[in-house]
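The structure under discussion appears below in the form of structure tokens.
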Amino acid sequence: MIRDVLLFLAVVALYSLAGFAFPGGGAWYDALTKPDGTPTDSIFATVWFILYILIAISAALLVRNGQMNQELFLLFGVNWFFNQLFPLLFFGLHQLFLAAIDTILVLYSTWVLIRVSRPHHKIASSLLIPYLQWGVLAIYLSWGLYLLNR
């Protein structure tokens, strides 16, 4: 039980790292022309927090049931890497095009993670679906920001 809680907290913390290092908003972001339907900063923060909780529960379920094999561990790592890369590219370096490309990589790695984890644990896989759905919105928003502000 303690191991599950520690794993859960570790995954939430790891996925939250870049958000703390490169907090969103600020004058630069406020000055950008945004696509229709862009959520407020507080909605972004709330949704990402919920998604990180779902990702952490998914990983914990796979570990707890002994189904976190090397392939799944690598896929979580790849997904984490692309997830962490976005705030650096977007907020840190102001590279809208590269950040938009990254959203495609996050979405694709999420889709692969869902597909590969599904045979191992249907609930763990299903918990990642909202992350995939948010990824579709992230692609729309990031490409919209790039096209409106180049």
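- Within the 4.5 Å cutoff, the side chain of Phe8 has no heavy atoms near those of the Val63 side chain.
- Nearest heavy atoms, Phe82 versus Ser109: CD1-OG, 4.3 Å.
- Smallest separation of non-hydrogen atoms from Pro130 and Leu51: C-CD2, 3.6 Å.
- Atom CD1 of Ile139 and atom CG of Leu107 lie 4.0 Å apart (nearest 0.5 Å).
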- Derivation and outcome, side-chain contact (heavy atoms from CB on, under 4.5 Å), residues Leu89 and Phe97: CA-CA 9 Å; Leu89 294 172; Phe97 178 72; over 6 Å; no

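- Within the 3.5 Å criterion, the main-chain N or O of Ala18 finds a donor-acceptor partner in the side chain of Gln84.
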- Pair Tyr131-Asn83, side-chain contact (heavy atoms from CB on, under 4.5 Å): steps then yes or no: CA-CA 11 Å; Tyr131 183 31; Asn83 182 288; 3.0 Å; yes

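- If you look at Trp48 and Tyr52, their ring centroids are closer than 6.0 Å.
- The two residues Thr33 and Asn149 come nearest to each other via the heavy atoms O-ND2, 2.7 Å.
- In plain terms, the two heavy atoms of Leu127 and Leu54 that are nearest each other are O-CB, 3.5 Å.
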- Message: The test is side-chain contact (heavy atoms from CB on, under 4.5 Å); show your working for Leu98 and Asp102 and say whether it passes.
- Response: CA-CA 6 Å; Leu98 294 177; Asp102 182 68; over 6 Å; no

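- Other residues, nucleotides and ligands contribute more than 12 heavy atoms inside 6.0 Å of the CG atom of Leu6.
- Put simply, Ile57 and Val5 are part of the same group of oily side chains (I, L, V, M, F, W, Y) that touch within less than 4.5 Å, one to the next.
- Here the shortest heavy-atom pairing between Ser58 and Phe76 reads OG-CZ, 3.9 Å.
- Closest heavy-atom contact between Lys34 and Asp30: NZ-O, 3.4 Å.
- Atom-to-atom distance recorded for Thr103:OG1 and Leu85:CG is 11.0 Å, nearest 0.5 angstrom.
- Within the model, atoms CG of Leu61 and OG of Ser125 stand 11.0 Å from one another, a figure rounded to the nearest 0.5 Å.
- Of the possible donor and acceptor atoms, one in the side chain of Trp80 sits under 3.5 Å from a partner among the backbone N and O of Leu14.
- For the atom pair CG of Leu62 and NE2 of His121, the computed distance is 6.5 Å after rounding to the nearest 0.5 Å.
- Enclosure of atom OH in Tyr29 by more than 12 non-hydrogen atoms of other residues, nucleotides or ligands within 6.0 angstrom is indicated.
- Defined by atom type and a distance below 3.5 Å, a donor-acceptor pair is missing between the side-chain atoms of Asp36 and Tyr140.
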- Check the pair Leu72, Leu113 against side-chain contact (heavy atoms from CB on, under 4.5 Å), reporting the backbone distance first and the verdict last. CA-CA 7 Å; Leu72 283 169; Leu113 190 54; 4.1 Å; yes

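- For the residue pair Ser126 / Arg118, a side-chain donor-acceptor distance below 3.5 Å is found, with atom types taken as modelled.
- Between Phe44 and Leu141 there is a side-chain heavy-atom pair separated by less than 4.5 Å.
- There is a path of hydrophobic side-chain contacts, each under 4.5 Å, that joins Tyr15 to Ile43.
- Hydrophobic clustering keeps Leu148 apart from Ile101 (ILVMFWY residues linked when any side-chain heavy atoms are closer than 4.5 Å, directly or through intermediates).
- The OG atom of Ser142 sits 9.0 Å away from atom CG of Leu137, with the distance rounded to the nearest 0.5 Å.
- To the nearest 0.5 Å, atom CD1 of residue Ile55 and atom OG1 of residue Thr110 are 7.0 Å apart.
- Counting only distance, with no hydrogens or angles, the side chain of Thr46 and the backbone of Ser42 share a donor-acceptor pair below 3.5 Å.
- Here the two rings, on Phe90 and Trp28, have centers that are under 6.0 Å apart.
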